[in-house]
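Please read the structure below before turning to the comments.
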Amino acid sequence: MQPVLNQFREIVGSRHVMVGDRQTRRFRKGYRFGGGKVLAVVRPRTLLEQWRVLQACVNADLAIICQAANTGLTGGSTPSGEGYDRPVVIINTMRIGRIDLLDDGRQVLCLPGATLDKLEKRLRQIGREPHSVIGSSCIGASVTGGICNNSGGSLIRRGPAYTQLALFAQVDAAGRLQLVNHLGIELGAEPEVVLARLDGRQYAPGDVHQSRNEWASDRGYHEHVRDVDAPTPARFNADPRRHYEASGSAGKVAVFAVRLDTFTADDNVTVFYIATNDPDDLAKVRREILSGFTNMPIAGEYMHRGAYELSQLYGKDLFLLVKHLGTDHVPAAYAAKSWLDGVSEAIGLGNHVTDRLLQWLVGLLPEHLPSRLNDYRDRYEHHLMLKMGGAGVDEARDYLRRIFPSAAGAFIECTEDEGKSAYLNRFAVGGSVVRYRDVHPDAVEDIVALDIALPRNATDWFETLPPELEAQFVRKMYCGHFFCHVMHQEYLVRRGGDLAAIEHAMLALLDRRGAEYPAEHNVGHLYKAKAALHEFYRTLDPTNSFNPGIGQTSKLKHWKNQPPPEHD
């Protein structure tokens, strides 16, 4: 393998080719799950370098994982264990992060390392927003990753991340690397010319075609989600409605650029904090707002009391970091933490020393959440943050005053600080579950994480577990994008628990409720790809060169030994 490693170094420079377990650790281990061996991690600086690295990989018969920020929750951007019949190379694209504004910012062109956070800040300057904003996505998560995973986020009107306008490479059935330009931008014909022109921004407004036929967002979702009597979920990962080339591809093609719509930012934004001990109260709010309001909400985020408490105690450092230093420092902080964990692991201290230290330090700091929110935590089990803008603020205020206080619930209209704190506490939930696991190794076996989409007509939405399953957990975490009926349910399993058996039992319960899973985090290596998704992957990547094994599919070249997909 030395010749291909030398090729990589010639293309991107020796500094940007990592080999060995220590150098590659933060790239080959998933943020929450997954990990495996790699031949190398290669970090190109330009699209042309990315193309040449891909060519070298295909010529050397290597398995390829294209990775951006590696913030995925299901291990889908890293190898997974053993069983590969070729060495695996990770191509990390985070050095290629340019964002171009098109049509006065009504659309954007994002290269593969562009992050949602940077896009949000860029668009804020012109009064516009991307598909997702902070609070609905991982800080540092890439725009391209969202497209490849059909990620959803919390913004109700915008649906899953989606575009039909992309520039990508795929390997055809004969094993040839092909570049496909469906950006709707004239850049030439030969791959190296196309990529060099895009690298150098060598295109003019006249080269950008404005077509009504190709979508750069899910234009119909705002009406789709309003159909509260439909027996199917509003959005889920295996929905063929939103599988199109790069969109939903889960890394089965190598994406160079995506073209996306942007949205006018809402003004006069207000957060209403609704809390109740009766889940039927929230079911009523959801149905009546979606079916009856003139003005759609911006977001509606649910948290159970247990999620609130977990985030309050174990997500405090992330909350304070973002609140006081902003989001720019978070990716670097996570990279530094990964490096320190690697050092402590190498010297025999384990890989969670930093978690214990951080948890001890933030425990010395004063309470960070507003008192009115903590009062609702004590009084109520179920919490809903309803974000409205413009004329929707008065519409929501009048509606909530008519139905609350109820026998079981109430609401408050948040101050600016309370609203930001509520959403930031919600954002920190995911990391807090991981932190709890890592600082309580004697009590917790691991996490069973479920990302589910309930039918739009479901009213009995809150989970009740049988006693034999309930006894398996140290703690549970429920939160979600409530109006889309996308729920994130995570279970900290007691030490010694059988994770596979527990997950199997949980999924059987979800099947009986008509739920789809996963909803927005992609199958990764945790979920089995259903038949339609499996076939989509095989069509995109007939030789199984990219991200082999995703969705528990074959890891072998040409999909060898892969049984026929089960019927959905």
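The structure displayed is predicted, hence computed values, not measured ones. Heavy atoms only: backbone and side chains are in, while hydrogens, waters and symmetry mates are out.
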Could [X] and [Y] be called an ion pair, given the rule that one side-chain N must be under 4.0 Å from one carboxylate O?
| X | Y | result |
| --- | --- | --- |
| Asp261 | Arg106 | no |
| Asp239 | Arg235 | no |
| Glu470 | Lys476 | yes |
| Asp229 | Arg456 | no |
| Arg305 | Glu381 | no |
| Asp280 | Lys284 | no |
| Asp117 | Arg122 | no |
| Asp511 | Arg513 | no |

### Query
Under the criterion side chain to side chain donor-acceptor pair (under 3.5 Å), which of Asn150, Asp451, Asn149 is the partner of Asn522?
Asn149

Testing the 3.5 Å rule here: is there a donor-acceptor pair between the side chains of [X] and [Y]?
| X | Y | answer |
| --- | --- | --- |
| His481 | Glu520 | yes |
| Glu418 | Tyr273 | no |
| Asn237 | Tyr517 | no |
| Gln312 | Tyr314 | no |
| Tyr302 | His382 | yes |
| Gln489 | Tyr491 | yes |

## Note on the structure
Interatomic distance, CH2@Trp461 vs CG@Leu282, rounded to 0.5 Å, equals 5.0 Å

### Message
To the nearest 0.5 Å, what is the distance between CD1 on Ile126 and CG on Leu123?
### Response
5.5 Å

## Note on the structure
In short, Ser311 meets Asn425 closest at the heavy-atom pair OG-O, 2.5 Å

### Query
Closest approach of His525 and Gly75, non-hydrogen atoms and distance?
CD2-O, 2.9 Å

### CG/Asp460: more than 12 non-hydrogen atoms of other groups inside 6.0 Å
no

### Aromatic Phe272 / basic Lys387 pairing, under 6.0 angstrom, 45° off normal
no

